[in-house]
Protein chains: 2
Amino acid sequence: MTKLRGRRPTIDDVATEAGVSRGTVSRVLNGSHWVSETARIQVEKAIKSTGYRINPHARSLATSRTGSVGFLLTESYERFFSDPNFLHILRSCADALAEHGMTLVLIMADTLEERRRATEYLTGGHVDGALVVSAHRDGQEFMAALLEARLPVISAGIPLGFEEQVGYVTADDDGGARAILELLLARGRTRIAHIAGPQDTSGGTGRLAAFRTVLGDDFSDERVVYGDYSRESGARAMRELLAREVSFDAIFAGNDLMAAGAMDVLEEAGIQVPDDVAVVGFDDAPAACETVPQLTTVRQPFDRVSEEMVRLLVDEINGRPAGRVVIPTEIVERGTV
Amino acid sequence: MTKLRGRRPTIDDVATEAGVSRGTVSRVLNGSHWVSETARIQVEKAIKSTGYRINPHARSLATSRTGSVGFLLTESYERFFSDPNFLHILRSCADALAEHGMTLVLIMADTLEERRRATEYLTGGHVDGALVVSAHRDGQEFMAALLEARLPVISAGIPLGFEEQVGYVTADDDGGARAILELLLARGRTRIAHIAGPQDTSGGTGRLAAFRTVLGDDFSDERVVYGDYSRESGARAMRELLAREVSFDAIFAGNDLMAAGAMDVLEEAGIQVPDDVAVVGFDDAPAACETVPQLTTVRQPFDRVSEEMVRLLVDEINGRPAGRVVIPTEIVERGTV
DNA sequence: GCGCGCACTGAGAGCGCTCCTAGTCCATAC
DNA sequence: GTATGGACTAGGAGCGCTCTCAGTGCGCGC
């Protein structure tokens, strides 16, 4: 209203306009108590009339809070963008953060140079904390750097090698795998094979471990093949299994994409699903509904995972100790068992 | 070295340590002249010994520069992640920005709520400028808000409706389309059909316009069908064209994905490529190498596009007027002509 | 009528930088 | 010896917030 020629209005302008002090405006801005009704109304009016917007850097400088958190991704771009799980988590984390008035900054750290820059950025004070969604162990190599900088970090999935030092949220790999295997057994499948996920991920090792436990004496290395969670790797694994000429009447794939790949190969080979062989996956990814018949699988509730991750991170940013949360999974029966 | 118990070292700590003043440290930090060799060495030593890291918010407050730019995306998540062009641009923009010491902040603004938040964020002083990569016109609706906030903006592709007010970088749709059509004509194809891209994108309209011009009197609405750049839409368009029972001996698809979709349908229909019908695309996306035979297409040099976008944006941030750049395309001959 | 405490407000002191200006120092010119 | 100017430096004045704390005013109980 007054002599702020071209300049962006500051909190002082608002204060002057409203006839109160800076402090009062700040209190209104931050929803603090101890502000009279009349003062609040005046300030709100002044904010509107001046077109005042808070200056995030001044606030950050004063509070040493940035209001944004890094979403750190150490997968390759291609893998990230081809795996709908990542996308799902990204999206729901962004939403959950927005609920807390925080912004997600996506940070891709695939190449070495990118990782260097990412570490620099994250530990340089640009963010209040980080969500790390790197499945693979090697992606976690620089977790140490983040920890050393005392940056609050929450991991999606168990951060192999940092279980003790980093809070995390994970779906119940063990419980989910047990449940779906019990289902298979209950339906009379006795010779179950496993297409295991990468063993440098907690999902990969956890589900394999559960497989081993449930099968007990029936467990045999011959019926385990490995993939990398991609559809192609599922197909490859399936071919390998067929080539081994071990008998099996069910496939437990480490995720849905690999299950779908396996089903492609089974179809080529003229093997009927579920009549000859039952197939189950993990995740309940979109791919689970695109197979014929649709895939029976274990749902990972990514929305809840994301929500919890954000909750834990906010806790840790506020100085409360990091938690560890395991989210229960749920079996989704469709047509492949 | 001294009494900074737990506190992060500041520029003053460095100054004390180096036995110089704050001003000198700042000059060293910003690569300014007028610093003696000895002073510089002392400061660098002190920076190392104190473990000093610049505080980005203090700097931002003082300079009113943030060092980060928004990469604004108004496509749906799914479309974005399934179109490799976007991925390519994202990646090379991030690289190009890093060269300038700037960080890319990915901002997805698909839903209405997200767009509101994105506008808020972008105009709130969090970024120095924005790269807008929204192909579709409706995605540009809130360009007006950015412009009003005087935020430097550069668009990838011609920003329909804002051609005059916003700088942009685009591949040469007209030249590329003409060139590939001339190639088709030179090879004796006379009845060329066009699977046009969405008409609310500059690529879609530009390539269609070139098609119309090159064909001249031979142009016929009957030989134009529309898609949305997705593979499925290319297949759909191809089916429609077949259903129309117009004769054609070549297909010019608005992009490679649609070309691939069209080829799927042609194969189903038992039509040989290129013997019966030639097919050409646009982009030189990965999909172009996955068709059989591989696709003859027009390469869009996305690396150069990204580089130029960043260059223009940096220019505009520094107060130099926004430019408009058209990047020449190049024909890639493979096996479908 | 006085004191007390509750509700609310104002303003100074930072937060950690950069920018600017006045200044110092020293070699050279006269 | 003094003036001149180039090379370099110190430190004050912001940038626009939040936090803290000392006030102020007023109703209420005794």
Side-chain angles (χ1 to χ4, degrees), chain A residues 2-44 46-47 50-68 101 124-126 128 318, chain B residues 2-44 46-47 50-68 101 124-126 128 318:
Chain A
T2 27
K3 40 31 202 318
L4 45 98
R5 35 189 177 184
R7 196 169 47 85
R8 191 171 154 161
T10 74
I11 199 172
D12 279 304
D13 298 321
V14 175
T16 313
E17 180 73 14
V20 299
S21 79
R22 234 173 38 244
T24 302
V25 177
S26 180
R27 254 169 268 130
V28 171
L29 251 26
N30 295 291
S32 162
H33 293 304
W34 313 134
V35 176
S36 69
E37 192 63 10
T38 44
R40 223 202 43 245
I41 289 171
Q42 284 310 308
V43 168
E44 275 162 4
I47 288 176
T50 52
Y52 171 73
R53 309 281 304 275
I54 210 162
N55 179 320
H57 298 108
R59 170 178 271 182
S60 289
L61 181 57
T63 59
S64 48
R65 284 293 186 81
T66 72
S68 56
H126 290 271
D128 295 334
N318 291 330
Chain B
T2 26
K3 54 338 162 40
L4 47 99
R5 34 190 177 181
R7 198 168 46 85
R8 190 171 154 163
T10 73
I11 199 171
D12 279 302
D13 299 322
V14 175
T16 314
E17 180 74 16
V20 299
S21 78
R22 235 173 36 246
T24 302
V25 177
S26 179
R27 254 170 270 128
V28 171
L29 250 27
N30 296 289
S32 159
H33 292 305
W34 312 135
V35 176
S36 69
E37 191 64 10
T38 43
R40 222 200 48 243
I41 289 170
Q42 284 309 309
V43 169
E44 274 160 5
I47 287 176
T50 52
Y52 171 73
R53 309 279 305 276
I54 209 162
N55 178 319
H57 298 108
R59 171 178 270 183
S60 289
L61 181 57
T63 59
S64 49
R65 284 294 186 82
T66 72
S68 56
H126 290 271
D128 294 336
N318 291 328

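Lettering follows sequence order; numbering is per chain, from 1.
Of the possible donor and acceptor atoms, one in the side chain of B:R8 sits under 3.5 Å from a partner among the backbone N and O of B:I54.
If you take CH2 of A:W34 and P of D:dC19, they are 17 Å apart, rounded to a whole angstrom. For the pair A:R65 CZ and D:dC19 C1', the computed distance is 14 Å after rounding to whole Å. Counting to the nearest Å, the C1' atom of D:dT18 and the CG atom of A:N30 are 7 Å from each other. What separates CZ of B:R27 from P of D:dA7 is a distance of 14 Å, to the nearest Å.
Less than 4.0 Å separates DNA chain D from at least one heavy atom of each of the following residues of residues 35-44 of chain B: B:V35, B:S36, B:A39. Of the residues in residues 51-59 of chain A, those placing a heavy atom less than 4.0 Å from an atom of DNA chain D are A:Y52, A:R53, A:I54, A:N55, A:A58, A:R59, in numerical order.
Atom-to-atom distance recorded for B:L29:CG and B:Y52:OH is 5.0 Å, nearest 0.5 angstrom. We find the CZ-OG1 distance between B:R27 and B:T24 to be 4.0 Å, quoted to the nearest 0.5 Å. Here OG1 of B:T63 is found 8.5 Å from NE2 of A:H57. Values are rounded to the nearest 0.5 Å. Atom CD of B:E17 sits about 11.0 Å away from atom CD1 of B:I47, to the nearest 0.5 Å. If you take CG on B:N55 and NE2 on A:H126, they are separated by 9.0 Å, rounding to the nearest 0.5 Å. To the nearest 0.5 angstrom, A:T16 atom OG1 is 6.0 Å from A:D13 atom CG.
Nearest heavy atoms, B:A18 versus B:Q42: CB-O, 3.7 Å. Across A:A15 and A:S21, no two heavy atoms sit closer than the pair CB-C, 3.7 Å. The nearest pair of heavy atoms linking A:P56 to B:G124 is CD-O, 3.2 Å.
For the helix from C:dG1-D:dC30 to C:dC30-D:dG1, the axis fitted to the five pairs at one end and the axis fitted to the five pairs at the other end meet at an angle of 60° (nearest 10 degrees).
If B:A62 and B:V20 are placed on DNA chain D by their nearest nucleotide, the residue sitting closer to the 5' end is B:V20. Residues B:L61 and B:G23 each lie close to DNA chain C; by heavy-atom proximity, the contact nearer the 5' end of the strand is made by B:L61.
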*asked:* I'd like to know whether A:V25 forms a side chain to side chain contact (heavy atoms under 4.5 Å, CB included) with A:R40, so could you lay out the CA-CA distance, the side-chain angles of the two residues, the decisive distance to 0.1 Å, and finally the verdict.
replied: CA-CA 8 Å; A:V25 177; A:R40 223 202 43 245; over 6 Å; no
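You'll find that the side chain of A:T63 is closest to D:dC19, out of D:dA13, D:dT20, D:dC19.
For A:S36, the side-chain contact (heavy atoms from CB on, under 4.5 Å) partners are A:T38, A:A39, not counting sequence neighbours. A:D128 meets the side-chain contact (heavy atoms from CB on, under 4.5 Å) test with A:R65, A:T66, A:M102, A:I317; sequence neighbours excluded.
On the nucleic acid side, DNA chain C has its first and last nucleotide under 4.0 Å of a heavy atom of chain A at C:dA7 to C:dG16, going 5' to 3'.
Within the 4.0 Å cut-off from OP1 or OP2 of D:dA10, at least one side-chain nitrogen or oxygen of B:T24 is found.
Counting any heavy atom pair closer than 4.0 Å across all strands shown, A:D12 reaches no nucleic acid atom.
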